[in-house]
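Working notes, beginning with the structure itself.
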Amino acid sequence: MASNKQTTSKEQLYQSNSKINEKDNFTIGCHSNNIYLDHSATTPVDKAVLKAMTPYFCDTFANASSVHSMGQKANSAVDLARRKVAEILKVKPTEIYFTSGGTECCNWAMMGVVITEKRNKVIVSSIEHAAVLSSAKRLKEQGVEVIYLPVNKDGFIEVSSLEAVIDDRVALVAVMLANNEIGTIQPVKELAAVAKKHGALFFTDAVQAVGSIPVYPTELGVDMLCLSAHKFYGPKGCGVMYIRGGVKHNKLITGGHQERNQRGGTTNVPLIVGLAAALQPAVENLERNAKKIGRLRDYFVKEVFDKVPHVILNGGKNNRLPQNANFTFEFIEGESLLLSLDLSGIACSSGSACSSGSLEPSHVLMAMGIEEEKAHGSIRFTFGKYNTKAEVDLVVAELVVAVQRLRKMSPLWAMYNS
Ligand code: PLP
């Protein structure tokens, strides 16, 4: 009886989702049979953004570097996008470089660092995205000294921990603005001030922050900052690297003279237009969306704590992105729960990274001092502007059932109970 009732309400929910999708949301109805709670992985492209991009695929398709008028028309669209992005971020257009996304920007910030005999150290936080950490590893292989900043148990980098390790031999400090797994917002302004005192450059990966909290490079006092369009309802494969005017930094991608000779490669006009078209509403509607999303997330967290026993919320409650809820469901594997929810049409993400056949626990949770066993049980839910309370209720109901079922099969749960 109970399961029949739930199936009906699920169908009703999916039908109403389809209607929303047709009206003003997704072009491919990606939500129609699913509840999508993985917005930190990526967001759907808004219809208005797709519309803005479309002419630049088949009509205004010419190479933006070509001197003919068709090329110049494409170039004007890129110029306009650059000016728009600069205005939104309150920086100069000459400080904006378009890239292929967050990964390239993080690689560029790290690998482009000018290493001298006097400045041969780099500091990175231990909870950075792999795009930064993998570059740090490469720098180390090249003989650069790399120092990893620890985080406290709530997932925050403390300013005192940077002060303890920085000196005048540090060339670059990299600390992300908001963490992708637990959503903690780092004290970047204070950290950047410490770096400046020692003459080191400061890079912040703001990929998760843009569209969720206000992000202005000059207010933060950073030298470099990056963002990625697909995290704020824009297209995948396009990002922005802000490099403060006057900063000495090497290129990453060499080739043609695009991006004022700082990044080779034929200019990706449609995606750049799409990025600018997505950034504007993301920033203009930030307060309203963040409030709505935050309320939904808080309701979800409360419901989970009320209805599922032995749950831990990973990461501090305050100074956290409004969309993020990262839980450890004790005594079960996050991957099993993820797959179980997927079978019920719910998309979320686990903290573990599947690498070379073995499931590694999240480096972020491990850095916070969370036991390996608990890190394995973590799941990330990230909300977006189209999620509803009805969806949250359904997800909680599914979670209760799935967690109960998986615990019944868990030797850890059996051990705990005996
Ligand atoms: N940095 C952070 C914090 C991210 O979350 C991501 C993507 O998940 C990236 C960098 C990489 O961005 P992109 O997918 O645009 O390469």
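Numbers here simply count residues along the sequence, with the first being 1.
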(message) With a 4.0 Å cut-off on N to O distance, would you call Asp393 and Lys389 a salt bridge?
(response) yes
(request) Inspect the contact between Glu259 and Lys251 and indicate whether a charged nitrogen and a carboxylate oxygen are less than 4.0 angstrom apart. (result) no
(request) Tell me, with the steps shown, if Met53 and Leu271 meet side-chain contact (heavy atoms from CB on, under 4.5 Å). (result) CA-CA 7 Å; Met53 290 164 64; Leu271 269 64; 4.1 Å; yes
(request) May I ask you to check if Arg82 and Phe98 form a cation-pi contact, with NZ or CZ under 6.0 angstrom from the six-membered ring centre and within 45° of the axis? (result) no
(message) Minimum heavy-atom separation for Arg260 and Thr94, please, with both atom names.
(response) NH2-O, 2.7 Å
(request) Could you give me the CA-CA distance, side-chain angles and deciding distance for Ser350 and Glu335, then say whether side chain to side chain donor-acceptor pair (under 3.5 Å) is met? (result) CA-CA 6 Å; Ser350 82; Glu335 295 293 319; 2.4 Å; yes
(request) In plain terms, say whether Asp46 and Lys51 are close enough for a salt bridge, that is, a side-chain N and a carboxylate O under 4.0 Å apart. (result) no
(request) Could you tell me whether Lys92 atom NZ has more than 12 heavy atoms of other residues or ligands within 6.0 Å of it? (result) no
(message) If the threshold is 4.0 Å, N to carboxylate O, is there a salt bridge linking Glu95 and Arg244?
(response) no
(request) Name the orientation class of the two ring planes belonging to Tyr36 and His39 (parallel below 30°, tilted from 30 to 60°, perpendicular beyond 60°). (result) perpendicular
(request) Give the ring-plane orientation class for Tyr233 versus Tyr386, where under 30° counts as parallel, over 60° as perpendicular and anything between as tilted. (result) perpendicular
Without placing hydrogens or testing angles, list every side-chain donor-acceptor pair under 3.5 Å for residues 137-154, not counting sequence neighbours.
| residue | atom | partner | partner atom | Å |
| --- | --- | --- | --- | --- |
| Asn152 | OD1 | Asp154 | N | 3.0 |
| Asn152 | OD1 | Gly155 | N | 3.1 |
| Asn152 | OD1 | Phe156 | N | 3.0 |
| Asn152 | ND2 | Glu158 | OE2 | 2.9 |

